[in-house]
Engineer: 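Handing you this structure, nothing more for now.
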Amino acid sequence: MSALLSGNAWVNPFLGALESAQVALGSAAHALGMAGDSHGQPAWPWTKRLAVEVLLIDAGVARQLALALAATSGALLLAIAGLFWRRLRIALLAAAVLAAWFAPWPDTSLWLADAVPTSFQTTSFSVEAVARGAARYARDCAACHGDTGRGDGPRAATLVRWPPTIVGPLLGHRLDGELFWRVQHGMHARDGTQSMPGFKARLTDADAWAILDYLKVLAAGGGVQDGDGWPVPVALPALDVRCGDAPAEPLARWRAGQRVRAVAIDSRAPPLEDPRWQTLLLFRDGALPSPHETARWAANGYASCVAVSPGAWNVFAGIAGVSTQRFAGSQLIADRDGWLRAEAKPGDPAWADATLLCAAGGGRAEGVDRSRTDPLTSLLLRIDAQPVRYVKGGYVH
Ligand code: HEC
């Protein structure tokens, strides 16, 4: 057993299994009526949850927990065997008691964290929500958190505690549902004084989720501006796509597991279709081509699928970290799992100067090896070879 546990390769599958067991337990409790709803979604019924964020970085605690679980399950098996195996009953039950007694459970403060009813709730990330969240953020949050989310709003200096910067790993260290709870119910310092007000009375649940979606865009764009890449992976936002003169459909259905290349254009000259990806054309609101026009592009082999959700241009510009005026000509690539991975600046159709903004598992900015003959193909191969394994608040998403 200890030889098996000496490397760290087992940690990820072990934590994955714990996560699934925990989620299954929560769903079972909800199905059995032990937990009601909170903020419109199933509530987490307990005040504690596994502190996967601690177990992920402290393999020692994870190992001890694994041994304790193994010992306890062993005890359970011995006890069951003892019930059926009359001749060895005494010995088996004694062994079961010993195994349960000596199970090396680590201190609970090391592997349990405080939970709230919304801990495991999330929402989908959409263009519509980000656009709405931006307006609500400006109204309710920017005074303290600052227009760019760096915690430098005009009221920041007057507070008991300085607001943290959103432009960095913070959002990745928290569970969405716990951020949501803090926004709606406020935060308190250790001595009980309120450090951030709650917004339950001012914001609907949908608005609070929308602001959290907008914070992801602020964090991504700010990271690019600082030259650090995206601090946490960013998914393609949900939006509606219209191809040629066909009816619009949700991006997820249109994408169907393919890579996506999003191109911001302000002319009527779309790029040619390319079998390596699906091309998503972004236009400014009010400048969308007509279905008749895109049908003609399709007939001539040009890209003809347009993001028709209002605000798509602004949301993608925000993610890319450029102003909406300077966004024309930019391109972004999303991998087959729907994670945005790389960006090319205007005037770089060959992707020679492309930047991998989301290296697998974290946002480390890296230039692409230019010695290869086709920079774009080598970029795509690299992205495929390193899929994003997103760990948020310790939990794999
Ligand atoms: C009155 C000033 C103020 C306003 C208004 C405000 N915040 Fe905060 N916010 C703070 C302070 C101060 C903290 C740090 C609190 C702490 O760590 O105890 C904070 C912390 C946060 C955090 C980090 C939570 C964490 O887990 O560490 C998030 C996210 C956040 N605020 C979002 C928002 C959003 C969204 C709004 C608007 C709906 C908002 N805040 C409005 C002052 C404010």
Side-chain angles (χ1 to χ4, degrees), residues 38-40 44 47-54 56-57 112-126 128-223 230-234 237 315 318 390-395 397:
S38 176
H39 293 271
W44 177 249
T47 57
K48 295 284 179 191
R49 60 170 173 81
L50 288 170
V52 178
E53 62 272 45
V54 178
L56 193 67
I57 44 179
L112 290 179
D114 289 337
V116 292
T118 59
S119 278
F120 293 99
Q121 297 184 3
T122 52
T123 52
S124 57
F125 177 60
S126 72
E128 184 273 328
V130 173
R132 193 152 41 93
R136 299 287 184 275
Y137 178 86
R139 187 189 72 186
D140 287 330
C141 323
C144 296
H145 285 275
D147 291 336
T148 61
R150 292 172 203 270
D152 53 359
R155 286 181 63 192
T158 68
L159 305 172
V160 288
R161 188 175 283 177
W162 207 268
T165 179
I166 301 298
V167 184
L170 182 121
L171 296 178
H173 290 161
R174 305 278 194 268
L175 289 174
D176 282 346
E178 295 185 353
L179 288 171
F180 170 85
W181 187 268
R182 289 174 177 175
V183 171
Q184 290 297 55
H185 299 271
M187 291 176 74
H188 297 270
R190 233 173 256 281
D191 64 4
T193 52
Q194 190 175 58
S195 50
M196 173 170 126
F199 287 85
K200 210 160 40 116
R202 277 180 73 75
L203 294 172
T204 64
D205 289 346
D207 282 346
W209 285 115
I211 296 178
L212 292 177
D213 279 352
Y214 175 63
L215 293 185
K216 292 176 195 159
V217 172
L218 267 188
W230 291 320
V232 291
V234 199
V315 171
Y390 186 27
V391 177
K392 185 174 164 52
Y395 290 80
H397 281 239

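Both ligands and their constituent atoms are indexed starting at 1 by order of listing.
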Engineer: At what distance is the nearest protein heavy atom to atom 1 (C) of ligand 1, and which residue and atom is it?
Structural biologist: C144 SG, 2.8 Å
Engineer: Under a 4.0 angstrom heavy-atom cut-off, which atoms of ligand 1 come close to R174?
Structural biologist: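 Selected atoms, number and element: 25 (C), 26 (O), 27 (O).
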Engineer: Should L215 and H145 count as side-chain neighbours, where that means a heavy-atom distance under 4.5 Å?
Structural biologist: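 Contact flag for L215/H145 side chains = no.
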Engineer: Nearest to atom 8 (Fe) of ligand 1, which N, O or S atom of H145 do we find?
Structural biologist: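 Output for this pair reads NE2.
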Engineer: Could you identify the single nearest non-hydrogen protein atom to atom 16 (C) of ligand 1 and state the distance to 0.1 Å?
Structural biologist: R161 NH1, 3.2 Å
Engineer: Starting from atom 5 (C) of ligand 1, find the nearest protein heavy-atom neighbour and note its residue, name and distance.
Structural biologist: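 Sorting protein heavy atoms by distance from atom 5 (C) of ligand 1 puts D140 O, 3.4 Å first.
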Engineer: For ligand 1, indicate whether the residue R182 contacts it via side chain, backbone, both or neither (heavy-atom separation under 4.0 Å).
Structural biologist: side chain
Engineer: With side chains defined as the heavy atoms from C-beta onward, is the minimum distance between R161 and T193 less than 4.5 Å?
Structural biologist: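 No, side chains not in contact.
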Engineer: Relative to the heavy atoms of L203, which atoms of ligand 1 are at a distance of less than 4.0 Å?
Structural biologist: 38 (C)
Engineer: Checking a contact table here: which protein heavy atom is nearest atom 15 (C) of ligand 1, and how many Å away?
Structural biologist: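 The closest heavy atom on the protein side is S195 OG, 3.4 Å.
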Engineer: Could you check whether any side-chain N or O of E53 sits under 3.5 Å from a backbone N or O of L175, counting only pairs where one atom can act as donor and the other as acceptor?
Structural biologist: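 Answer holds: no.
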Engineer: Which residue holds the protein heavy atom closest to atom 14 (C) of ligand 1, what is that atom called, and what is the gap in Å?
Structural biologist: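 Result: P164 CD, 3.6 Å.
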Engineer: Within the distance-only criterion (no hydrogens, no angle test), does the side chain of S38 pair as donor or acceptor with the backbone N or O of T118 below 3.5 angstrom?
Structural biologist: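 No; zero donor-acceptor contacts below 3.5 Å.
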Engineer: What is the closest protein heavy atom to atom 38 (C) of ligand 1, and at what distance does it sit?
Structural biologist: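 Ranking protein heavy atoms by distance from atom 38 (C) of ligand 1, first comes C141 SG, 2.7 Å.
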Engineer: Distance under 4.0 Å to a non-hydrogen atom of L179: what atoms of ligand 1 satisfy this?
Structural biologist: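 Atoms satisfying the 4.0 Å criterion: 26 (O), 29 (C).
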Engineer: As an exercise, state the distance from CG of D207 to OH of Y137, rounded to the nearest 0.5 Å.
Structural biologist: 15.5 Å
Engineer: Parallel, tilted or perpendicular for W181 and H39, by the 30°/60° rule?
Structural biologist: perpendicular
Engineer: Which residue owns the protein heavy atom closest to atom 24 (C) of ligand 1, what's the atom, and how far is it?
Structural biologist: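 Here the closest protein heavy atom is M187 SD, 3.7 Å.
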Engineer: Can you tell me if P197 has a non-hydrogen atom under 4.0 Å from ligand 1?
Structural biologist: yes
Engineer: Should R182 and E178 count as an ion pair when the cut-off is N to O under 4.0 Å?
Structural biologist: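 Salt bridge flag = no for E178 with R182.
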Engineer: Determine whether more than 12 heavy atoms belonging to other residues, nucleotides or ligands lie under 6.0 Å from atom CZ of R155.
Structural biologist: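 No, not enclosed.
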Engineer: Is there a donor-acceptor contact under 3.5 Å from the side chain of K392 to the main chain of R174?
Structural biologist: yes
Engineer: Within the structure, is a non-hydrogen atom of L212 found at a distance of less than 4.0 Å from ligand 1?
Structural biologist: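 No; L212 lies far enough from ligand 1 that no heavy-atom distance drops under 4.0 Å.
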Engineer: Under a 4.0 Å heavy-atom limit, does R155 contact ligand 1 with its side chain, its backbone, both, or neither?
Structural biologist: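 Side chain only.
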Engineer: Identify the closest protein heavy atom to atom 19 (C) of ligand 1: which residue and atom is it, and at what distance?
Structural biologist: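 Result for atom 19 (C) of ligand 1: M196 SD, 3.4 Å.
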Engineer: Run the numbers for me: atoms of ligand 1, each under 4.0 Å from some heavy atom of I211, listed by number.
Structural biologist: 35 (C), 38 (C)
Engineer: Please check this pair: side chain of W44 against backbone of F120, looking for a donor-acceptor N/O pair closer than 3.5 Å.
Structural biologist: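 No; judged by distance alone, with no hydrogens or angles, the pair does not exist.
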Engineer: Indicate yes or no for a side-chain donor-acceptor contact from K200 to the backbone of G186 under 3.5 Å, with no hydrogens or angles considered.
Structural biologist: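 Here the side-chain-to-backbone pair does not exist.
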